[in-house]
Every structure is written in structure tokens, then in C-alpha cells.
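Report on the structure given below.
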Amino acid sequence: MAIDTSELRQQQLEKSRQVVLTDDFATPRLIAGADVGFEQQGTVTRAAIAIMTWPELELIEYQIARIPTLLPYIPGLLSFRECPALYEAWQLLQHKPQLVLVDGQGIAHPRYFGVACHFGLLVDIPTIGVAKSRLFGTHSEIEQQPGSYQPLMDKTQQLGWVLRSKKRCNPLYISPGHKVSLASSLWWVEQCLKGYRLPEPTRMADGIASNRTKFKRMINKSR
DNA sequence: GCGACAG
DNA sequence: ATCTTGTCGC
């Protein structure tokens, strides 16, 4: 398919100016995890959003949306590929969360506008980007000690954090999405860690979106 | 010019 | 991301 990527990148630059990087939310009652998976050789996009209570972190609802894949994967343009499906799932929710952990980068992006920023602006809800690998920014080595972290930098400007969330696991790349500060983005992810590499909301959404049999049992309880 | 590159 | 069982290491 023919895609004018220069136009999409221009949209990102314009939208990035609207992203809010200070805390604009009270202590959340519900925190969500959002992730996307694919079926049929990538022709179908499947988005999952898991709603969990705070501070219990118990799953109370989840929604899945399946739509035809609109774009191929292009580094830097992930939001245009995943947001449509995420928005479909969002509209199905009976409970709207006050904070969302989105898989992928927040402002740690070449245009300072990753998928977490894009989705947060779209639904006007605070979001934090939690990515499993690096896209943009530099950082010094992370100690092996769980809980250790380093700032993720762009020259002299900090974009986020690189956190060793679990022993012998690759670190997490955390950055503000929308209406969240640098300090809070790290703090909330830490609060949602329960012994696994991924924070609970993200881990749950990831399991559901990836259709892992392991998660099919536990999610049946909440319906 | 060459490599890097969220999911 | 996805195709996929056992297996190496802490």
C-alpha cells in the first residue's frame, strides 16, 4: 500500500505540542493496560484494554476489538497503526480508567509523540508509555539490581526512564504519554509491579491481546 | 554513506 | 508483532 509518511510525521509534530507533561489527575480508582496483537499474518489488528482497580490491582473488566490492519509497521509511526483498534476497545469499556499504561513509547520518540501520547490525547486521559525496548534516546548501563534505573536522554533533555523491573530481564522504557510528569510516570509503573517484568495492567492486556491460553482462565472469572 | 529502528 | 518445544541458566 502507498503511504505518505511525511504527512503522518507532520501530524505528529503538530499534535506533540498539545501533549501535557504535568500531572493532571488525582489518585486513580482504576488503572488500565492497553496492548495490541495481530492475527492472520498481521491482516487483523487485535487491541485489548484491561481495567484494574487501584490499589488492589484486580481485573474487573477487559475489552477486545478486532479490525482490519490499516498500516504496516513503520518505526516511529506505530500510533497510526495501533490507535484505531485501541480506540474501538476504549469505546466498548463500561468502566473508564483515570490512568492508562500503553505498550510502546510516550515522548521517548523522534517527534516526541509516541503511541502513548497519541492515545492519551485522543481519549483525553492521562497515559504512560511502557515499552519493552528502545526506540529513541540514550542512557547509561542499568545495574542488574531490580529497581535500579537511569534517565533516558535526548542530548540534555530527559525523555523518560529505563527501569530494571525484574532480575535478569531486559529493562523497561518508560516515558510520559499525556497529562503525566516524568517523576509520576516512573512512580506509577513501580507501584504496579508485582514480581513480573511488566506492570500488572500491561501484563494483563499483553496476555489478552496475545491470546495466551494461560490468561484465558483468569480473565473468565471477571466476566 | 551506513546503521538503527516501539510493535 | 508472529511462527513455536524444549531447554539452558539463575
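Note on naming: letters A, B, ... go to the chains in the order of the sequence lines (proteins, then strands), and numbering restarts at 1 for each one.
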- request: Figure out the CG/P separation between Asp154(A) and dA4(B), and round it to whole Å.
  value: 19 Å

statement: When rounded to whole Å, the CZ to P distance for the pair Phe38(A) and dT4(C) reads 18 Å

task: In whole angstrom, give the distance that lies between atom NE2 of His118(A) and atom C1' of dG7(B).
output: 15 Å

task: Given ring pair (Phe, Tyr, Trp, His ring centres under 6.0 Å), test His118(A) with Phe80(A) step by step and report yes or no.
output: CA-CA 9 Å; His118(A) 199 134; Phe80(A) 296 100; 5.2 Å; yes

message: For the residue pair Gln145(A) / Ser148(A), report whether a side-chain donor-acceptor contact shorter than 3.5 Å exists.
response: no

message: What's the separation between atom CD in Glu56(A) and atom CD1 in Ile31(A), rounded to the nearest 0.5 Å?
response: 10.5 Å

query: Whole-Å distance between dA6(B) C1' and Ile107(A) CD1?
result: 15 Å

Under 4.0 angstrom between Arg134(A) side-chain N/O and dC5(B) OP1 or OP2: yes

- request: State plainly whether one hydrophobic cluster holds both Ile128(A) and Phe113(A), where clusters connect Ile, Leu, Val, Met, Phe, Trp and Tyr through side-chain heavy atoms under 4.5 angstrom apart.
  value: no

message: Heavy atoms only, 4.0 Å cut-off, all strands: where does Lys167(A) land among base, sugar-phosphate and nothing?
response: nothing

query: With a non-hydrogen cut-off below 4.0 angstrom, is Glu39(A) in contact with a base, only sugar-phosphate, or nothing?
result: nothing

task: Could you state the atom-to-atom distance from CD of Gln41(A) to C1' of dC3(C) in whole Å?
output: 10 Å

message: It should be established whether Ser79(A) places a side-chain nitrogen or oxygen under 4.0 Å from OP1 or OP2 of nucleotide dA6(B).
response: no

message: Is there aromatic stacking of Tyr73(A) on dG7(B) here, judged by a ring-centre distance under 5.5 Å and a plane angle under 30°?
response: yes

- prompt: When we call it a touch if two heavy atoms are under 4.0 Å apart, what does Gly42(A) touch: a base, just sugar-phosphate, or nothing?
  reply: nothing

- prompt: For the pair made of CZ in Arg81(A) and P in dA1(C), what is the distance, rounded to whole Å?
  reply: 11 Å

message: For a quick check of understanding: with a heavy-atom distance under 4.0 Å over all strands, which category does Leu172(A) fall into, base, sugar-phosphate or nothing?
response: nothing

field: Between dC5(B) (P) and Arg111(A) (CZ): distance, integer Å
entry: 16 Å

message: Within the 3.5 Å criterion, strictly below it, is a donor on Gln10(A) or Gln12(A) matched to an acceptor on the partner's side chain?
response: no

- request: In whole angstrom, give the distance that lies between atom CZ of Phe119(A) and atom C1' of dG7(B).
  value: 16 Å

task: Name the nucleic acid region contacted by Gly129(A), choosing base, sugar-phosphate or nothing; use a 4.0 angstrom heavy-atom cut-off, strictly under.
output: nothing

query: The side chain of Arg168(A) lies closest to which of these nucleotides: dG7(B), dC10(C), dA6(B)?
result: dC10(C)

